[in-house]
Amino acid sequence: MDRTPPIFTGDERALLYSFLDWERETLAAKCAGLSEEQLRERAVPPSNMSLLGLVRHMAHVERAWFRQIIDGEDVPRLWGKDTRQDVDFDDVDTASAEEAFATWRARWPRPRRTARMAR
């Protein structure tokens, strides 16, 4: 995998961005080149864990942390998580990988935008 390793020294924002980018790149690299069927495959039955579920979960987590918790926005949870906590993992059999990746990647600029506004 060709990834930029995270930094271990610096100010808090630089460390946050570095580790956030590293973790994103790691998950994206694990998913690269896989078919939708492979992305949906559960790791170890009866677990509902799959790479597509992780992508959907990370899209939700980044949205929740940066928009709801840090920025205080009243935004709905993704994929119906208001009523079904594990929907991001449970519904991968019918979920679109393209939509999940697009939703996840759309969250990536938010931490830097939030940090600029906090200065």
Set of residues satisfying ring-ring contact (aromatic ring centres under 6.0 Å, His included) with respect to His57, sequence neighbours excluded: Phe89

List the residues meeting side-chain contact (heavy atoms from CB on, under 4.5 Å) with [X], not counting sequence neighbours, and say none if there are none.
X	answer
Trp65	Val61, Ile69
Glu37	Ser35
Ala14	Ile7, Asp11

Report the distance from atom [atom1] of [X] to atom [atom2] of [Y], rounding to the nearest 0.5 Å.
X	Y	atom1	atom2	result
Asp21	Arg3	CG	CZ	12.0 Å
Leu20	Leu15	CG	CG	12.0 Å
Trp108	Tyr17	CH2	OH	16.0 Å

Can any side-chain N or O of Arg107 pair as donor or acceptor with the backbone N or O of His60 at less than 3.5 Å? no

Would you be so kind as to tabulate the donor-acceptor pairs closer than 3.5 Å made by side chains of residues 45-55, with sequence neighbours excluded?
| from | atom 1 | to | atom 2 | distance (Å) |
| --- | --- | --- | --- | --- |
| Ser47 | OG | Met49 | N | 3.0 |
| Asn48 | ND2 | Asp90 | OD1 | 2.6 |
| Ser50 | OG | Gly53 | N | 2.9 |

So, do Arg24 and Glu62 sit near enough that their side-chain heavy atoms are less than 4.5 Å apart? yes

Close side-chain approach of Glu25 and Pro5, heavy atoms under 4.5 Å: no

Just grab all the ring pair (Phe, Tyr, Trp, His ring centres under 6.0 Å) pairs involving residues 30-53, residues at least two apart or on different chains. none

Inter- and intrachain pairs under ring pair (Phe, Tyr, Trp, His ring centres under 6.0 Å), touching residues 21-44, at least two apart: none

Mind checking whether Val92 and Leu34 sit in one hydrophobic cluster, side chains of I, L, V, M, F, W, Y counted as touching below 4.5 Å? yes

The remaining residues in the hydrophobic cluster of Leu78, counting side-chain heavy-atom contacts under 4.5 Å among Ile, Leu, Val, Met, Phe, Trp and Tyr, are Trp79, Val87

Over all atoms of both residues, closest heavy-atom pair of [X] and [Y]:
X	Y	answer
Arg63	Val75	NH2-CB, 3.4 Å
Arg40	Asp93	NE-O, 3.5 Å
Ser18	Pro6	OG-CA, 2.9 Å

Tell me, please, which residues at least two apart from [X] pass salt bridge (charged side-chain N to carboxylate O under 4.0 Å, His left out).
X	value
Glu12	none
Asp82	Arg77
Asp91	Arg84

So which pairs with a foot in residues 50-60 pass salt bridge (Lys or Arg N to Asp or Glu O under 4.0 Å), sequence neighbours left out? none

Evaluate whether atom CD of Glu41 has more than 12 neighbouring non-hydrogen atoms of other residues, nucleotides or ligands under 6.0 angstrom away. no

